[in-house]
Amino acid sequence: MTENVWTLWPSREALSRMGVHRARRALAGAGRTFAVGILLATTFVDSDLHGWGVAGAVLGVLVGGLGFWGFWRVTLEHRLLPSLGLLVLLFAIATVAEGAGLRIPALVVWCACAVSAMERLPLAAALPASAVALGTYAAVNNDAWLTTLATTVGLALAGYVLRLDAEARGSAQRLLVQERAARAAEAESAALAERARIAREIHDVLAHSLSAQLVHLEAARLLIERGAERDQILDRVVAARGMAREGLAETRQALSALRGEMSPLEEFLSELVADTADTAGADVTVTGERRLLPAEASQAVRRVAQEALTNVRKHAPGAKIRIRLDYGEHEVMLNVRDSGAPPGEFTHSGAGYGLLGMRERAELLGGSLEAGPYEEGFMVTLKVPA
């Protein structure tokens with residue numbers, strides 16, 4: 001529902017000094033002080049006030065000043081009846097001043113009331129109040145009627161222009177507040193996203209490392225139950241220890257990546273396959289124009305490669321691995337496939353949620369991950385925008 005423009009108050013931002021430059025406020029204050037000083041000087045020099053008359057004039061100036069200050073305050077709080085009451089008080093002060101022969105102060109008060117009402121009140125109240133003030137001014141002023149008419153119209157327009165200027169300033173102030181709130185919300189969202197990214201990286205590292213250790217420890221358990229040779233059991237324990245060391249190294253690497261200290265992707269893949277055990281070897285092929293990838297995309301490729309090789313160790317030990325990294329124009333593709341060696345005796349160990357987590361990671365980046373049987377083996381294909 002749209003608000004009625006006639007009963008709508010100017011916004012609090014428009015009625016306050018919010019958004020007004022300090023120099024502008026100082027200049028406006030100096031101008032008002034100068035105008036009041038000239039008014040007082042004119043009043044006491046050109047009048048025949050003496051004794052109590054001077055005291056009454058000073059009291060009238062003080063009451064009038066308090067009246068305008070009160071009008072400023074109550075209009076800022078959008079209180080209509082007190083605002084109209086103060087205007088009536090100011091009209092009365094101007095009428096008394098006119099009766100006492102202080103025409104110039106009275107005219108100034110009526111003009112100031114007209115401009116202030118037009119600037120600070122709802123239009124339904126501002127128009128009648130300004131009309132009364134300017135009508136009284138026109139009736140009392142003894143200038144030529146054309147001059148009086150021009151002054152009256154000019155004061156009405158000045159009040160309305162001040163109103164529009166204040167509203168524009170208020171709108172700009174509200175937009176600034178909204179922009180600051182939006183920036184704060186964006187910063188908070190970015191912080192939450194960064195926390196989620198850190199949690200995801202640490203989770204992926206731990207899941208990869210611990211699942212690999214679990215394979216070797218499970219193997220050691222089965223060997224012990226079968227009464228295997230001590231050297232066979234020791235090999236599995238040593239392998240589990242090696243995976244723990246790799247996990248620590250990967251954790252350090254993940255933390256370095258979070259700080260933007262990642263090694264080149266091709267170098268990482270080469271080191272990864274060089275350290276891969278229980279395989280017949282691995283070939284790494286890189287195509288396309290090599291370039292620096294965004295941190296999220298680079299981390300996704302690294303984690304998928306690690307997960308794919310872990311799955312080969314678990315499900316197809318001794319298999320030949322082929323890794324292809326393709327830098328496309330708008331995306332990067334990682335393809336990992338194995339030769340399909342016979343499944344190992346520990347194929348069913350582990351939870352099997354690694355590829356699901358990688359698929360979710362790829363989808364968060366706007367990419368995709370496909371995994372499934374391929375010819376004699378298994379293939380994992382990751383595509384992410386980059």
Side-chain angles (χ1 to χ4, degrees), residues 199-254 268-284 300-324 334-361 369-382:
R200 190 165 59 247
E201 295 299 336
I202 299 302
H203 170 269
D204 290 345
V205 169
L206 293 178
H208 166 73
S209 174
L210 294 178
S211 63
Q213 293 177 54
L214 180 61
V215 171
H216 292 291
L217 292 176
E218 180 69 9
R221 183 186 68 81
L222 293 176
L223 290 173
I224 292 174
E225 290 179 353
R226 296 175 183 177
E229 295 294 331
R230 177 179 178 277
D231 291 341
Q232 292 180 311
I233 300 173
L234 183 60
D235 288 342
R236 291 297 179 178
V237 173
V238 171
R241 184 184 64 176
M243 294 306 301
R245 288 178 176 175
E246 289 179 11
L248 289 175
E250 290 174 9
T251 302
R252 295 190 187 98
Q253 187 178 44
F268 171 83
L269 293 176
S270 298
E271 293 177 355
L272 183 64
V273 299
D275 296 335
T276 299
D278 298 333
T279 65
D283 295 330
V284 179
V301 173
R302 295 165 194 261
R303 293 292 169 257
V304 168
Q306 288 177 325
E307 183 65 28
L309 293 184
T310 298
N311 286 338
V312 173
R313 285 197 297 265
K314 290 168 58 177
H315 303 300
K320 176 71 174 180
I321 300 174
R322 291 179 176 84
I323 299 177
R324 179 185 175 190
L334 174 71
N335 180 272
V336 181
R337 59 180 178 172
D338 60 73
S339 60
E345 58 182 350
F346 310 114
T347 293
H348 300 291
S349 63
Y353 294 116
L355 291 177
L356 177 61
M358 293 299 101
R359 181 175 288 108
E360 292 175 352
R361 173 193 285 269
L369 185 140
E370 298 178 359
Y374 174 79
E375 295 180 354
E376 297 179 355
F378 196 84
M379 182 171 66
V380 177
T381 302
L382 168 72

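By the salt bridge (charged side-chain N to carboxylate O under 4.0 Å, His left out) test, E229 pairs with no residue at all, sequence neighbours left out.
For the atom pair CZ of R324 and CZ of R322, the computed distance is 13.0 Å after rounding to the nearest 0.5 Å. Of the inter-residue distances, the one linking L217 atom CG with L222 atom CG reads 11.0 Å to the nearest 0.5 angstrom. Considering CD1 of I224 and CZ of R221, their distance stands at 9.5 Å, rounded to 0.5 Å. With rounding to the nearest 0.5 Å, the separation of CZ in R241 from CG in L234 is 8.5 Å. Remark: R303 CZ to L334 CG distance equals 13.0 Å, nearest 0.5 Å. For the atom pair L223 CG and D231 CG, the distance stands at 11.5 Å (nearest 0.5 Å).
In this structure, R236 and A220 approach most closely via the heavy-atom pair CB-CB, 3.8 Å. The heavy-atom pair separating A300 from L382 by the smallest distance is O-CD2, 3.8 Å.
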* To do: Go through the steps to decide whether I323 and N335 satisfy the test side-chain contact (heavy atoms from CB on, under 4.5 Å), and finish with yes or no.
  => CA-CA 6 Å; I323 299 177; N335 180 272; over 6 Å; no
* side-chain contact (heavy atoms from CB on, under 4.5 Å) between V380 and V304, worked out -> CA-CA 8 Å; V380 177; V304 168; 3.9 Å; yes
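Residues D283 and K320 are in side-chain contact: their nearest non-hydrogen atoms beyond the backbone lie under 4.5 Å apart. With a 4.5 Å cut-off on side-chain heavy atoms, T381 and L369 do not count as touching.
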